[in-house]
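Below is one structure, written out as structure tokens; comments come after it.
In what follows, every heavy atom counts, from backbone to side chain, and hydrogens, waters and symmetry copies are set aside. Keep in mind the model is a prediction, meaning the values are calculated, not measured.
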Amino acid sequence: MIPRIHQQGSNTLGLLHYLYGKGTHEEHIDPHLVASFDGMAPDPGRDPSATKRDLQHLLDQTLSLLDAGRRPDKHVWHCSVRAAPGDPILPDEQWGDIARRMVAATGIDPGDGAGCRWAAVRHADDHIHIIATLIREDGRRPDHHRSGKRAQAECRLIEKELGLHQVAPGDGTAAKRATSAERHKAEREGRERPAREELRETVRRAVADTTGEEEFFDRLAAAGLLIRKRVAPSGDLLGYKVALPDDRNGEKEPVFYAGSTLAPDLSLPRIRERWTLPAEAAASADGSGPEQPALPDVTGPAFARRRASAAAWQALLIIDQGDDGAAAAQIAAAGEVLDALAKTSAAHTRAELREAAFVFERASRSRVKAERGHDRALRQAARDLVHSGPALGRGEDGATTAMLIDMALFLAIAAANWHAKKHHAQQAAAAQQAAEHLHAAYQAAADQPMAALRQRGQRLAPRVRQRQANLLHEVLPDLAAQVQAEPGWPALVATLDDARRAGHDPAALLADAARRRELDTATSISDVLVWRLRRSAHLPAAPENPQDTTIRDKHRAPSPAPTAQPASGAANGTVRRR
């Protein structure tokens, strides 16, 4: 159940016209009162003799208790309460009880006999609107400070008592949702999303792709946005606003949104934090500390995806073993990688990756302050993905995309479990939802390269296949039977044989890959092992010719040095991989 305190207004009759009207899309059905301050307010919806002006006069009667100079300009309080999708349709009596509880909890009518006058209107199955006049019967103003949080708390109690869907509590870090007017406007204009959400997505991608203010604003302009900068008398830049060129108000002027109203972390000061490295973090990022050195210039989409997979692996280490600030920074930067991956993805994965990036945005912020600088490798990986250009979706590009999505899926699950351990319910739910979209994207991306690898494995000589089966039973005796029963087992056979031909020790690689993270929650253990092995052994992600069972010398590379491994399980949480 979701309450929303709307902006205070000055026109009681105007709001009543909306509540009792047909709605912008004629979606209002049978508008009528379900409750009021005295239980006897006129109902212009059901009583033919009552008018909306009658109800307005009754509600605003307390204004006459005040001199004209003491009357508030914004005296109309408006709250909507909406049931969650899937909740049962509640009768009017229950909605009336909910309305009385909401005005009591928010301080509008606390039950002391002198509260504000209010009425609750129902014009749809799943929600009500409460309208009140912000002058009490005794002429005083109501104590409705922090009414939004008080309404949320009361809704959590109502959900438990009525057995409704329990909405995850927030922590004040969520981006402001599009209003119903903004959503209806998007529908009328045929937009996929409200302007606010389109702008948020565009600005987030621009942040992920830039290293300074000039480049950032150039990127926004290149994306077609209108930009207004707020400049101090000294000439210093204080903030910015953006608008879609074709999003206009009633006066045909562009509708601008400040970065801070799009999302808390898109204000100019917060964006600048990403561009400024603390001294110790800068030293680490430059290779003088324990973190990885700066990434080299990117030469193509496949190479960028391999390096991004490596950066994601280091991020998993930090989320599992690092302090809270460093983990929060990695999770925030993971959102930038998802934005960049969605921007450069092939058509068959684009929709799911875009949805994954969109919902993960909520998981990228919490009350834990991100320690910027520790996330440099992931943020660099995001820029590399963008600058390397879009992937073709086939061959090495397509296979390394599947490899990166597989790693991004682990990142999303690790983020979900980290947030769950911190009791960040909304963020944990968002990360889990992103993981589901990533799973769908992985299946689309991995279909062709895994099919090619399976074909290679099936064409290997029986003695080679038996050798790899013996190796599997030796290294992973508890999982061997399950892996061999999976469709991806022939692809793992081909990968183990490729590793041997490239000069690696397949047993050592397999043991290392199995230690890196848990495997028993994976839907396809063989798929996970294939990508881990091919990345760590620097094997080509997809063969140029599926019938070729040799690995060319140019792909050979020594086995990488062992590295510290993340703790078993996705942060020892309960979210499963796929």
Side-chain angles (χ1 to χ4, degrees), residues 1-9 15 19 34-35 74 76-88 90 94-111 115-116 118-122 124-132 134 141-183 194 196-197 200 260-265 359 361-368 416 419-420 422-433:
M1 184 162 286
I2 303 172
R4 181 182 177 194
I5 309 298
H6 299 260
Q7 188 174 5
Q8 289 177 204
L15 180 54
L19 297 180
V34 293
K74 304 286 186 180
V76 181
W77 185 83
H78 178 200
C79 171
S80 59
V81 186
R82 185 179 299 272
D87 277 345
L90 303 178
Q94 282 189 313
W95 276 119
D97 290 339
I98 290 169
R100 283 183 280 272
R101 292 181 63 167
M102 296 305 293
V103 294
T106 55
I108 296 300
D109 187 1
C116 298
W118 58 272
V121 179
R122 182 181 188 182
D125 287 338
D126 64 347
H127 71 278
I128 58 170
H129 291 262
I130 306 171
I131 178 174
L134 292 174
R141 302 284 183 88
D143 178 14
H144 64 106
H145 179 61
R146 298 172 67 84
S147 59
K149 288 187 176 297
R150 291 152 72 176
Q152 290 282 355
E154 189 65 22
C155 279
R156 302 294 82 78
L157 296 176
I158 293 171
E159 290 164 356
K160 292 181 181 179
E161 293 175 17
L162 298 184
L164 304 177
H165 171 74
Q166 296 187 24
V167 177
D171 59 4
T173 61
K176 185 177 179 180
R177 291 178 299 188
T179 66
S180 58
E182 290 171 348
R183 291 194 298 271
R196 181 190 299 275
E197 294 179 359
R200 183 185 304 141
S260 58
T261 65
L262 296 177
D265 57 345
V359 297
E361 184 265 346
R362 179 66 190 100
S364 66
R365 289 186 307 277
S366 70
R367 288 292 183 183
V368 178
H419 281 304
K422 302 296 179 186
H423 305 291
H424 303 159
Q426 289 187 356
Q427 291 90 334
Q432 175 59 20
Q433 189 178 356

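Contact detail for A363 and A430: the closest heavy-atom pair is N-CB, 4.0 Å. Closest non-hydrogen pair, A416 versus A428, comes out as O-CB, 3.5 Å. The nearest pair of heavy atoms linking A175 to P264 is CA-CD, 4.1 Å. Across every non-hydrogen atom of A120 and A99, the tightest pair is CB-CB, 3.6 Å. S364 and E361 make their closest contact through OG-O, 2.6 Å (heavy atoms, listed as atom of the first residue, atom of the second, distance). Taking every heavy atom of both residues into account, L164 and P88 meet most closely at CD2-CD, 3.9 Å.
Residue Q152 holds its CD atom at 10.5 Å from OG of S147, rounded to the nearest 0.5 Å. Considering CD1 of I128 and CH2 of W95, their distance stands at 5.5 Å, rounded to 0.5 Å. With rounding to the nearest 0.5 angstrom, the CG atom of L162 is 6.5 Å from the CG atom of L90. Between the CG atom of D97 and the CD1 atom of I158 there is a distance of 9.0 Å, given to the nearest 0.5 Å. With rounding to the nearest 0.5 angstrom, the CZ atom of R362 is 12.5 Å from the CD atom of Q433. To the nearest 0.5 angstrom, R141 atom CZ is 10.0 Å from C116 atom SG.
In this structure the side chain of I130 never reaches within 4.5 angstrom of the side chain of H78, judged on heavy atoms. Residues I108 and C79 form no side-chain contact, since every pair of their non-hydrogen atoms from C-beta on lies 4.5 Å or further apart. Between W118 and I131, the closest side-chain pair of non-hydrogen atoms is not below 4.5 Å. Looking at heavy atoms from C-beta onward, R100 lies out of side-chain contact with I98 at the 4.5 angstrom threshold. Between L157 and R101 the shortest side-chain heavy-atom distance falls below 4.5 Å. Side-chain contact between V368 and H424 is present, with heavy atoms from C-beta onward closer than 4.5 Å. With a 4.5 Å cut-off on side-chain heavy atoms, Q427 and R365 do not count as touching. Residues V167 and M1 form no side-chain contact, since every pair of their non-hydrogen atoms from C-beta on lies 4.5 Å or further apart.
The backbone N or O of H145 lies less than 3.5 Å from a partner atom in the side chain of R150, making a donor-acceptor pair. Using a distance-only test at 3.5 Å, with no hydrogens or angles considered, a donor-acceptor pair links the side chain of Q8 to the main chain of K74.
Listed by chain and number, the residues in a ring-ring contact (aromatic ring centres under 6.0 Å, His included) with H127 are H123, H129 (sequence neighbours excluded). By the side-chain hydrogen bond (donor to acceptor under 3.5 Å, both in side chains) test, D126 is found to be paired with R82, residues two or more places apart in sequence or in another chain being considered.
Side-chain contact check for H6 and S80: at least one donor-acceptor pair (N or O, by modelled atom type) lies under 3.5 Å.
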Run the side chain to side chain contact (heavy atoms under 4.5 Å, CB included) test on L15 and V76 for me, step by step, so that the C-alpha distance in whole Å, both residues' side-chain angles and the decisive distance to 0.1 Å come before the verdict.
CA-CA 9 Å; L15 180 54; V76 181; 3.9 Å; yes
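The pair E161-R156 does not count as a salt bridge, with every side-chain nitrogen at least 4.0 angstrom from each carboxylate oxygen. One finds no salt bridge joining R200 and E197 here, because no Lys/Arg side-chain nitrogen approaches an Asp/Glu carboxylate oxygen to under 4.0 Å.
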